[in-house]
Amino acid sequence: MDWGGTALHVESIDLLPPPDFAAGQAVFRTSTPVVMKGSGQNEHGERTTRQAWVLPTEPEFPAYFEGNLRRKAMTLGADPDVSVQEITWVGPKRSFAVGKGKKPGAAVEACIHGAPETLRSIWSWGLGQANSAGFGWVIA
């Protein structure tokens, strides 16, 4: 396997089943930064940038974060009625080179409500955007 130019030889894989989430609530913490893109619009509704990264400490983050989780659920055919109840912790801002640019983000811990199947899917997929590039990996 080639991971970022580093050759890895995988000798075994242990599958870790997702938690049950029977209560319909989960507290997720990420090991890698969560990346979210905002609207890029100014106060007049005009787009001023296409690279409008929104950090977890910014007021508009929860709404974009929740919308992202709902789109993921719909993509997977899971119940999209998921809500972010609270961002309980935010790690330091970090930027990563991805493709031809950098994406800023921060690790987060968030309390999320939703159907158990949806929460299991989110636990497996990750939080935020650019999960395939290594962003938003859930560790707890």
Side-chain angles (χ1 to χ4, degrees):
M1 175 186 306
D2 181 352
W3 185 28
T6 302
L8 299 174
H9 179 75
V10 178
E11 295 182 5
S12 69
I13 295 175
D14 292 326
L15 296 178
L16 181 63
D20 188 54
F21 300 121
Q25 179 177 333
V27 177
F28 294 127
R29 182 179 279 228
T30 63
S31 62
T32 56
V34 172
V35 173
M36 292 302 309
K37 190 180 267 190
S39 69
Q41 296 177 350
N42 64 17
E43 64 275 4
H44 306 293
E46 301 163 332
R47 182 178 286 270
T48 59
T49 181
R50 297 202 51 79
Q51 299 300 319
W53 303 112
V54 181
L55 295 170
T57 54
E58 296 178 35
E60 59 188 351
F61 180 86
Y64 284 106
F65 187 43
E66 193 170 279
N68 173 268
L69 296 175
R70 289 181 178 181
R71 282 189 301 279
K72 282 182 180 181
M74 289 180 3
T75 298
L76 296 170
D79 183 350
D81 187 18
V82 60
S83 62
V84 177
Q85 298 300 304
E86 183 180 9
I87 305 291
T88 55
W89 173 82
V90 176
K93 177 186 171 188
R94 295 172 52 199
S95 293
F96 284 89
V98 178
K100 296 179 181 178
K102 289 190 174 189
K103 292 184 180 181
V108 299
E109 181 178 88
C111 180
I112 299 172
H113 287 205
E117 174 191 17
T118 303
L119 296 175
R120 287 190 296 271
S121 298
I122 293 168
W123 180 87
S124 297
W125 192 336
L127 302 178
Q129 296 174 227
N131 301 120
S132 63
F135 291 92
W137 290 354
V138 174
I139 58 170

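Numbering starts at 1 and runs along the sequence shown. Only a predicted model underlies this, so the values are computations on that prediction, with no experimental measurement involved.
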If every non-hydrogen atom of Gly91 is compared with every non-hydrogen atom of Ala106, which pair is closest and at what distance? O-CB, 3.4 Å

Do Ser83 and Gln85 have side-chain atoms, one donor and one acceptor, less than 3.5 Å apart? yes

Can you see which heavy atom on Ser39 is nearest to which on Ala52, and at what distance? C-CB, 4.3 Å

Is there a side-chain contact between Pro116 and Arg120 in this structure, where contact means two heavy atoms from C-beta onward sitting under 4.5 Å apart? yes

Restricting to non-hydrogen atoms, name the atom on Lys72 and the atom on Gly126 that form the minimum distance, rounded to 0.1 Å. NZ-O, 2.7 Å

Counting C-beta onward and ignoring hydrogens, is there a side-chain heavy-atom pair between Gln129 and Asn68 closer than 4.5 Å? yes

Quick one: does any side-chain atom of Asn42 pair with a main-chain N or O of Gly45 as donor and acceptor, under 3.5 Å? yes

Residues 84-117 vs ring-ring contact (aromatic ring centres under 6.0 Å, His included), sequence neighbours excluded, gives Phe96-Phe135

Taking all non-hydrogen atoms of both residues into account, name the closest pair between Pro80 and Ala73 and its distance. CA-CB, 3.8 Å

Side-chain cluster (under 4.5 Å, hydrophobic types only) that Leu76 belongs to, other residues: Trp125

Under 3.5 Å, side chain of Thr32 to main-chain N/O of Trp137, donor-acceptor pair present? yes

In short, Leu55 meets Pro104 closest at the heavy-atom pair CD2-C, 4.1 Å

Which residues pass the salt bridge (Lys or Arg N to Asp or Glu O under 4.0 Å) test with Arg94, not counting sequence neighbours? none

Nearest heavy-atom contact between Ala22 and Asp20 is CB-OD2, 2.8 Å

Kindly compute the distance separating OG1 (Thr118) from CG (Asp79), expressed to the nearest 0.5 Å. 5.0 Å

Non-neighbouring partners of Glu86 that pass salt bridge (Lys or Arg N to Asp or Glu O under 4.0 Å), sequence neighbours left out: none

Hydrophobic cluster partners of Leu69 (side-chain heavy atoms under 4.5 Å): Leu16, Phe21, Phe28, Val34, Met36, Val54, Phe61, Tyr64, Phe65, Val82, Val84, Ile87, Val90, Val108, Ile112, Leu119, Ile122, Trp123, Leu127, Val138

Taking only residues two or more places apart in sequence or in another chain, which ones pass salt bridge (Lys or Arg N to Asp or Glu O under 4.0 Å) with Arg70? Glu66

